[in-house]
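Please read these numbers as outputs of a predicted model, since none were measured by experiment.
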Amino acid sequence: MADRVRHLPVWQHVTYSKEIGPSQFGTQVTVGGWVQDLRNLGGISFLQLRDRDGVVQITTLKKRSKELFELVASIPRESVILVTGTVKESKEARAGFEILPETIDVLSRAETPLPLGVVDKVGADLDTRLNNRFLDLRKEEVRAIFRIESCVLEGIRKYLASEGFVEVNTPKIVAAGAEGGSTLFPIKYFERSAYLAQSPQLYKQNLMATGLDRIYEIAHAYRAEASDTIRHIAEFVSLDVEMAFIKSSEDVMAVAEGIVVNSLRHVRESAKDDLARLGLTVEDPQTPFPRVRYKDAVEMLKAEGMKIEHGEDLGTEGEKALGDIMNREKNCELYFISEFPTSLKRGTFYAKRMDEDPETTGYFDLDYRGQEIVSGGQREHRYDVLVEQMRENNFNLESFDFYLKGFRYGMPPHGGFGFGVERYVQKMLNLPNIREAVLFPRDRARLVP
RNA sequence: GCCCCGGUAGUGUAGCGGUCUAUCAUCCGAGCCUGUCGAGCUCGGGACUCGGGUCCGAAUCCCGACCGGGGCGCCA
């Protein structure tokens, strides 16, 4: 109360820093934000006030108002204040203008010391930052990541809508998993047990039997994998696409490619400021993305001296090495690894095997600089074959009855993929850890905040 | 799940058996300063994750717990 110069004003329009320009010079504005920094030089003080878009300087003169001057000097950093004052052109101020305050309201005083400095000249560990994410997000360069992520999703939605895809929502509380039970989070569902969905796989395939035959979903997926890595989290945003009446996995790859190309362009065009803040540029990738068949990838890795045999998984090491090769020899950051052998896709019981070669599927991964961001392909739509493939994998057919039913009454050929949105953003922005691309990440150790 | 590595002021670090009454920066507090924006100057404040053990002596060595980082497997 003591630091309030006057009573709170009737709510009035707050001008964002970005909106102030020469046309406001000499006029009165009200700005609101967080106290980023304060320089008190004795007779004059400079307060840097940060709002959503930038920083404005509030310049206070002792000789103009001792009371106001002392108030300014007493406000802890990161407090929220409302300043009403006159905009004055200034050669010294960074923005070209500053605000001479008439009134200052301290709306919320910040405690000291801060658990995490916003503009301190020392770094902080990711763990410390995530524990204090609201403060971390006060940094421009951190918020930029999430504005870009929003832009990515906007670009994806625009593109898919233009291709006739319908956005849907499927349940995240499910009775059975899409691929085995080990990675499911069990939950209580009234008197029964249920799981958090690890993938919308079964539902999006079910929809292919309806006439909603080009769909996508952007939603959380949950994986209880004990994976402590910089590219795994327990709750991630999955873009799932499914489309019917396809001829082969190629049709599916074309959409995956379209999503990447169009969202990259959208980011480049619409997120210029945020990219600049991060010191990044986004180039249009070369199209079409190269298709590296699995068997060719193995040969390429062998030629590099890697110990790998046909039928083995490429592994993290192999994926990274392939990323290096593609970058070095083709100057290429985005490429498909296609035609995965059936032996590596057995767990993926719904994957269609090639008619001419049952030992090979049309399944593909899309890798971005040596990391998998998309996985998909054509599904098996023939009921009898699907059931046989499930039996091979010892699936309990009864618990998949709702799923299998969809294949018995008219199911067109179809295919689709899962696309890891945060992984995509991680690679796009060169972030060292996927958690940087998640506001409040969930992993094996972290449940708060 | 497996394998490495690490936990020192609010934050980020140096120290790795006695010289530690623990370094530096940032930060916080008090003061000086009318053009600061990596401000400057003076003074002050604040830490060895926890529990055992070894030793004359432990921040330092050993064991355990807890917490964190990285890699692998697997995956988006």
Side-chain angles (χ1 to χ4, degrees), chain A residues 36-49 55-64 69 73-74 76-78 88 90-95 98 110-132 135-136 178-180 182-183 198-201 218-241 256 312-320 344 347-348 365-368 371-376 417-427 432-435 437-438 443-446:
Chain A
Q36 178 162 294
D37 198 15
L38 176 69
R39 295 274 141 69
N40 184 351
L41 275 62
I44 187 170
S45 74
F46 306 98
L47 183 155
Q48 308 300 334
L49 184 70
V55 175
V56 287
Q57 178 163 283
I58 313 297
T59 303
T60 312
L61 287 161
K62 194 184 208 167
K63 66 178 184 189
R64 257 182 111 210
F69 189 84
S74 76
R77 295 195 309 166
E78 296 304 322
K88 178 175 163 280
S90 162
K91 278 198 273 295
E92 288 93 350
R94 283 262 162 89
E98 60 196 357
E111 287 179 25
T112 59
L114 297 165
L116 173 70
V118 177
V119 289
D120 286 9
K121 295 162 196 77
V122 292
D125 292 340
L126 182 58
D127 189 53
T128 306
R129 292 173 45 209
L130 291 176
N131 284 338
N132 301 281
L135 280 170
D136 190 46
E179 31 206 298
S182 62
T183 69
Q198 68 191 168
S199 157
Q201 183 65 31
I218 297 170
H220 275 140
Y222 302 89
R223 304 268 165 100
E225 289 162 349
S227 298
D228 300 316
T229 81
I230 55 170
R231 62 190 177 281
H232 286 88
I233 40 178
E235 179 182 58
F236 69 97
V237 177
S238 180
L239 160 64
D240 276 274
V241 171
E312 285 180 38
D313 201 89
L314 265 37
T316 305
E317 193 194 348
E319 278 182 28
K320 286 177 181 167
L344 289 177
T348 312
D365 284 354
L366 174 58
D367 279 36
Y368 194 176
Q371 184 174 121
E372 178 186 345
I373 58 167
V374 178
S375 190
F417 53 84
F419 182 119
V421 174
E422 290 111 335
R423 273 196 187 176
Y424 178 46
V425 172
Q426 181 194 357
K427 295 309 276 188
N433 192 312
I434 193 170
R435 291 161 183 78
V438 183
D443 58 38
R444 202 144 67 120
R446 182 176 289 280

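For A/R94 and B/rG38, the shortest distance from a side-chain N or O to OP1 or OP2 is below 4.0 Å. Applying the 4.0 Å criterion to OP1 and OP2 of B/rG69, one finds that A/N433 has every side-chain N and O outside that range. Checking the phosphate oxygens (OP1, OP2) of B/rG12, no side-chain nitrogen or oxygen of A/K121 falls inside 4.0 Å. OP1 or OP2 of B/rG73 has at least one side-chain nitrogen or oxygen of A/T316 nearer than 4.0 Å. OP1 or OP2 of B/rC28 has at least one side-chain nitrogen or oxygen of A/R77 nearer than 4.0 Å. Close to B/rG1, at under 4.0 Å from its OP1 or OP2, lies a side-chain N or O of A/R444.
In this structure, A/K427 NZ and A/I373 CD1 are separated by 9.5 Å, a value rounded to the nearest 0.5 Å.
Using a 4.0 Å heavy-atom distance criterion, A/E111 is classed as making no nucleic acid contact. A/K63 comes within contact range of at least one nucleobase, with a heavy-atom separation under 4.0 Å. Counting non-hydrogen atoms under 4.0 angstrom, A/A221 reaches nothing in the nucleic acid. If you check every strand for non-hydrogen atoms under 4.0 Å, A/V374 touches sugar and phosphate atoms only. In this structure, A/E319 reaches the bases: a heavy-atom distance under 4.0 Å links it to at least one base atom across the strands shown. Residue A/S227 is in base contact, counting any heavy-atom pair closer than 4.0 Å across all strands shown. Counting any heavy atom pair closer than 4.0 Å across all strands shown, A/G123 reaches sugar-phosphate atoms only and no base atom. Among the atoms of the strands shown, none is found under 4.0 Å from any heavy atom of A/L239. Residue A/Q371 is out of contact with every strand shown, counting any heavy-atom pair closer than 4.0 Å.
If you find the closest nucleotide of RNA chain B to A/K91 and to A/P115, the one lying nearer the 5' end belongs to A/P115. Taking the nucleotide of RNA chain B with the nearest heavy atom to each of A/L116 and A/T229, the more 5' of the two is matched to A/L116.
Of the P atoms belonging to B/rC27 and B/rG38, the separation is 13 Å, rounded to the nearest Å. For the P atoms, the distance linking B/rA76 with B/rA65 amounts to 34 Å, nearest Å. On the C1' atoms, B/rG51 is 28 Å away from B/rG12, given to the nearest whole Å. Separation of the P atoms belonging to B/rG64 and B/rG73 is 28 Å when rounded to the nearest angstrom. Rounded to the nearest Å, the gap between the P atom of B/rA25 and that of B/rC61 is 26 Å. Rounded to whole Å, the separation between the P atoms of B/rG69 and B/rC63 comes to 23 Å. B/rA47 sits 25 Å from B/rG6 when the P atoms are compared, rounded to a whole Å. Taking atom C1' on both B/rC20 and B/rA58, the two are 12 Å apart, rounded to the nearest angstrom.
Contact of the A/V119 side chain with the A/Q48 side chain is not registered, since no non-hydrogen atoms from C-beta on lie closer than 4.5 Å. Side-chain contact between A/S45 and A/K62: absent, with no pair of heavy atoms (C-beta onward) separated by less than 4.5 Å. By the 4.5 Å heavy-atom criterion applied to side chains, A/F69 and A/N40 are counted as neighbours. Considering only heavy atoms from C-beta on, A/Q201 stays 4.5 Å or farther from A/T348 through its side chain. Considering only heavy atoms from C-beta on, A/F236 stays 4.5 Å or farther from A/V438 through its side chain. With contacts defined as side-chain heavy-atom distances shorter than 4.5 Å, the pair A/E422/A/V425 does not qualify. Within the 4.5 Å cutoff, the side chain of A/Q57 has no heavy atoms near those of the A/E92 side chain. Annotation: side chain of A/R231 is in contact with side chain of A/T316 (closest heavy-atom distance under 4.5 Å).
Closest to the side chain of A/L41, out of B/rA76, B/rC33, B/rG12, is B/rC33. Among the nucleotides B/rC37, B/rC28, B/rG10, the one closest to any side-chain atom of A/E92 is B/rC37. You'll find that the side chain of A/K320 is closest to B/rG71, out of B/rC37, B/rG71, B/rG73. Set against B/rA39, B/rU34, B/rC75, the side chain of A/R223 has B/rC75 as its closest nucleotide.
Atoms CG (A/D120) and P (B/rG38) sit 14 Å apart, rounded to a whole Å. Per the geometry, CG belonging to A/L126 stands 7 Å off P belonging to B/rG69, to the nearest Å. Across the protein-nucleic acid pair, A/I44 atom CD1 and B/rU36 atom C1' stand 8 Å apart, rounded to whole Å. Between the C1' atom of B/rG40 and the CZ atom of A/F46 lies a distance of 14 Å, rounded to the nearest Å. B/rU11 atom C1' lies 13 Å from atom CZ of A/R129, rounded to whole Å. Separating the CG atom of A/D125 from the P atom of B/rU26 is a distance of 19 Å, rounded to the nearest angstrom. As a whole-Å value, the separation of A/H232 NE2 from B/rG70 C1' is 15 Å. Residue A/R435 contributes atom CZ, which lies 10 Å from atom P of B/rG68 at whole-angstrom precision.
The base of B/rC75 sits with one of its N or O atoms less than 3.5 Å from a complementary donor or acceptor on the side chain of A/R423. Between the side chain of A/S90 and the base of B/rG35 there is at least one donor-acceptor pair of N/O atoms closer than 3.5 Å. At a cut-off of 3.5 angstrom, counting only N and O atoms as typed in the model, there is a donor on one side and an acceptor on the other between the side-chain of A/E98 and the base of B/rG35.
We find that the ring of A/F419 and the base of B/rA76 do not stack by the test of centres under 5.5 angstrom and planes tilted less than 30°.
Every stem involving RNA chain B, taken as at least 3 paired positions in a row under the Watson-Crick or G-U wobble test at 3.5 Å, is listed here: B:1-7 with B:66-72, B:10-12 with B:24-26, B:27-32 with B:40-45, B:49-53 with B:61-65.
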Using the side-chain contact (heavy atoms from CB on, under 4.5 Å) rule, take A/R77 and A/T112 through it: C-alpha gap first, then chi angles, then the decisive distance, then the call. CA-CA 8 Å; A/R77 295 195 309 166; A/T112 59; over 6 Å; no
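Relative orientation of the A/Y424 and A/F419 rings is perpendicular, given thresholds of 30° and 60° on the angle between their planes.
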